[in-house]
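Below is one structure, written out as structure tokens; the observations come after it.
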Amino acid sequence: MAKLKTLFVCRSCGAVQNRWLGKCPDCGTWDSLEEASHDPNAARDPQAALVGAWTELTEPKGAEVESGAHARPIHDIADDEANVERMSSGIHELDRVLGKSRASAASSENAGVVPGSAVLVGGEPGIGKSTLLLQAAASMARHGTRVLYVSSEESASQVRQRAVRLGSQSEKELFLLSDTNLARIVEQARRVMPRVLVIDSIQMIYRSDVPAAPGSITQLRRCASELVYLAKKSGIAVMLVGHVTKDGQLAGPRLLEHLVDTVISFEGERYHQHRVVRAVKNRFGTTLEIGLFEMTGDGLREIPDSAGVSPVSGTEPRIGSVVCPVMSGSRCVLIEIQALTATGFLGAAKRKASGLDSNRLAMLIAVLEQHAGLRLADRDIFASSVGGLRVVDPASDLALLLAIASAQTRKAIDPATCAIGEVGLGGEIRGASQIDARLLEAARLGFKRALMAKSIGIHAPKNARLELVQVKNVDQAIEQLG
């Protein structure tokens, strides 16, 4: 038996060093090297013993196995991605984030999980990762796709109890397994032959021949790489659940994110009703799309409409509240932005933002003081986006600025008016992209007026009965209050 070798792995970039260093020489991160054991025998094709049975299932008997891949001219390589048939998860919001093929980019068809791909889902504890994947697994099984759901943290009976709560306990194509040993999991996958394999979670999976505890860097690197190898070899789509650190980053080495094809982040406050699913990395689609869900007693419910905004019908004006159509990928979400000003101390005024960029908030406060004549230096200012969604669209600047001005002047804007525009340091109002999609969504929810930047040739879409109020600078925008 070969002697084990001690190495040091960087948890930020995955670089391997022969000795411990205070600073990783590859990525420059301090105190990121962790001790790991290395078995020289593992270099002899570590996946061969574990997934060698797949060769017998995929290759005909008597066929000669090539010794390795061969380089070919790029024009001789077929483009299989455009014609690949994706597997729908049955959850439209999740399929939107996973992406669609180029051949169906203009429609909502052929969206979902790519066969043979590896998807990593991360999020805080209790956010709903297991619930989302169990709902997706049950929905796929309901449509004839065989799914193997492996739970490494709960027993099979506990998973069934959650399935009963979700109404998915009678799906014949949904198989459950409660195990943490990777070799036994792969053996069960070989017998069941699923099209989708769900691992909840990767931190608890281990290999018995690796001298390290489950969840360590050594185990994570080895198990994750072999599951990805299994996905590519067998064509099974593998979906992994990953834990996150206190900073909200995926636990384990960054190599875990580099190995998989798609990294999905499940965000939202644990005690808030809304959940947001977004793709941090996606080799088969865009990373601009988001999926909206609401946590209920019966599981996660999709929110196809705008979050935090109800259709306008007899609502009363509210001080410090302005609605803005925000674009995220190809969808428009109407977000209500609220602001509150209170008495503070000069030189120690508070600036707090929830769901908004705090740097953007500080900039807009300076613009209001300089170009609108509002005294805010001794005022505590708090701003938030209703619904738990994080707003990064610069077109929300005008709505946030008006919300602060409304809270300070005690004048409310018409509740049937939405605001769209970016604010410059000179106090000018600038236009926003995809203006037609924003106006159509606002008109659909009953808004009558849209406050936007002054521009030549801008008209409301024909099927959107909106009055466009164009303003040139901050002063003209504040005049719309009251």
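What you see is a predicted model; the values in this text were computed from it and never measured.
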- Message: Tell me if a side-chain donor or acceptor on Lys281 pairs with a main-chain N or O of Val260 at a distance below 3.5 Å.
- Response: yes
- Partner of Ile264 under side-chain contact (heavy atoms from CB on, under 4.5 Å), chosen from Leu94, Leu120, Val280: Leu94
- First locate atom CD1 of Ile205, then atom CG of Asp179, and finally report the distance between them rounded to the nearest 0.5 Å. 7.5 Å
- Query: Is any side-chain heavy atom of Leu259 less than 4.5 Å from a side-chain heavy atom of Leu227?
  - Reply: no
- Note on the structure: CG (Leu292) and CZ (Arg278) are apart, to the nearest 0.5 Å, by 9.0 Å
- Query: For Arg160, does the CZ atom have more than 12 heavy-atom neighbours from other residues, nucleotides or ligands under 6.0 Å away?
  - Reply: no
- Item | Sub-4.5 Å side-chain heavy-atom contact between Glu422 and Leu398 | no
- Task: Please name the pair of heavy atoms, one in Arg438 and one in Ala395, separated by the smallest distance, quoted to 0.1 Å.
- Result: NH1-CB, 3.6 Å
- Taking atom types as modelled, find out whether Asp95 and Ser88 have a side-chain donor-acceptor pair closer than 3.5 angstrom. yes
- Glu173 with Arg142: basic N within carboxylate O range, under 4.0 Å: no
- Apply the test side chain to side chain contact (heavy atoms under 4.5 Å, CB included) to residues Tyr149 and Leu177: give CA-CA distance (whole Å), side-chain angles for both, the deciding distance (0.1 Å), then the verdict. CA-CA 6 Å; Tyr149 188 97; Leu177 173 65; over 6 Å; no
- Query: Do any N or O atoms from the side chain of Arg146 and from the backbone of Val192 form a donor-acceptor pair under 3.5 angstrom?
  - Reply: yes
- 4.5 Å side-chain heavy-atom contact, Gln135 and Ile91: yes
- Go through Arg184 and Glu187 one step at a time and tell me if the salt bridge (Lys or Arg N to Asp or Glu O under 4.0 Å) criterion holds. CA-CA 5 Å; Arg184 293 196 295 263; Glu187 174 62 22; over 6 Å; no
- Task: Keeping the roles fixed (side chain from Ser385, backbone from Val391), state whether a donor-acceptor pair exists under 3.5 Å.
- Result: no
- Message: Pair Glu294, Leu300 - check side chain to side chain contact (heavy atoms under 4.5 Å, CB included), show working.
- Response: CA-CA 6 Å; Glu294 180 182 2; Leu300 291 168; over 6 Å; no
- Query: Is the backbone N or O of Leu230 less than 3.5 Å from a side-chain atom of Ser234, with the two atoms forming a donor-acceptor pair by type?
  - Reply: yes
- Item | Over all atoms of both residues, closest heavy-atom pair of Gly299 and Thr131 | CA-CG2, 4.1 Å
- Task: May I ask you to say whether Arg360 pairs ionically with Asp393, meaning some side-chain N is under 4.0 Å from a carboxylate O?
- Result: no
- Message: Nearest 0.5 angstrom please: Trp20 CH2 to Leu7 CG, how far?
- Response: 16.0 Å
- Item | Sub-4.5 Å side-chain heavy-atom contact between Ser178 and Glu154 | no
- Message: Using side chain to side chain donor-acceptor pair (under 3.5 Å), reason through Asn282 and Thr287 one step at a time and then give a plain yes or no.
- Response: CA-CA 6 Å; Asn282 195 349; Thr287 57; over 6 Å; no
- Message: For a 4.5 angstrom cut-off between non-hydrogen side-chain atoms, does Arg275 reach Ile127?
- Response: yes
- Query: With a 4.5 Å heavy-atom cut-off, do Met87 and Val196 have their side chains touching?
  - Reply: yes
- With the threshold set at 4.0 Å, does a side-chain nitrogen-carboxylate oxygen contact exist between Glu441 and Arg331? no
- Message: Tell me if a side-chain donor or acceptor on Ser216 pairs with a main-chain N or O of Ala212 at a distance below 3.5 Å.
- Response: no
- Please examine the side chains of Phe293 and Leu132, heavy atoms only from C-beta on, and report whether any two atoms are closer than 4.5 Å. yes
- Report yes if some heavy atom in the side chain of Leu240 is under 4.5 Å from a heavy atom in the side chain of Val119; otherwise report no. no
- Query: Looking at CD1 of Ile335 and CD of Gln338, how far apart are the two atoms once the value is rounded to the nearest 0.5 Å?
  - Reply: 11.5 Å
- At their closest point, which heavy atom of Ala163 faces which heavy atom of Leu134, and how far apart are they? N-CD2, 3.9 Å
- Exam field: side chain Lys172 to backbone Ala141, donor-acceptor pair closer than 3.5 Å: no
- Got more than 12 heavy atoms from elsewhere within 6.0 Å of NZ, Lys350? no
- Salt bridge present between Glu267 and Arg390 (N-O < 4.0 angstrom): no
- Note on the structure: Closest non-hydrogen contact found for Thr262 with Leu98 is CG2-CD2, 4.5 Å
- Polar side-chain atom of Lys233 near backbone of Gly116 as donor-acceptor pair, under 3.5 Å: no
- Note on the structure: Between Ser201 and His243, the two heavy atoms sitting closest are OG-NE2, 3.3 Å
- Task: Please test Asp261 against Lys232 for side chain to side chain contact (heavy atoms under 4.5 Å, CB included), starting from the C-alpha separation and ending with a verdict.
- Result: CA-CA 11 Å; Asp261 301 307; Lys232 307 304 179 184; 2.6 Å; yes
- Query: Which distance, rounded to the nearest 0.5 Å, do you find between the OG of Ser130 and the CD of Gln158?
  - Reply: 11.0 Å
- Note on the structure: Output for pair (Met363 CE, Asp397 CG), nearest 0.5 Å, gives 5.0 Å
- Hey, is Arg318 close enough to Glu336 for a salt bridge, meaning N to O under 4.0 Å? yes
- Query: Just by modelled atom types, is the Gly99 backbone N or O under 3.5 Å from a matching donor or acceptor in the Arg86 side chain?
  - Reply: yes
- Task: With side chain to side chain contact (heavy atoms under 4.5 Å, CB included) as the test, would you mind laying out the steps for Glu35 and Thr6 before giving the verdict?
- Result: CA-CA 7 Å; Glu35 184 177 349; Thr6 301; 3.4 Å; yes
- Item | Where Val228 and Ala118 come nearest, the two heavy atoms and their spacing | CG2-CB, 4.0 Å
- Item | Donor-acceptor contact below 3.5 Å, side chain Gln219 vs main chain Arg207 | yes
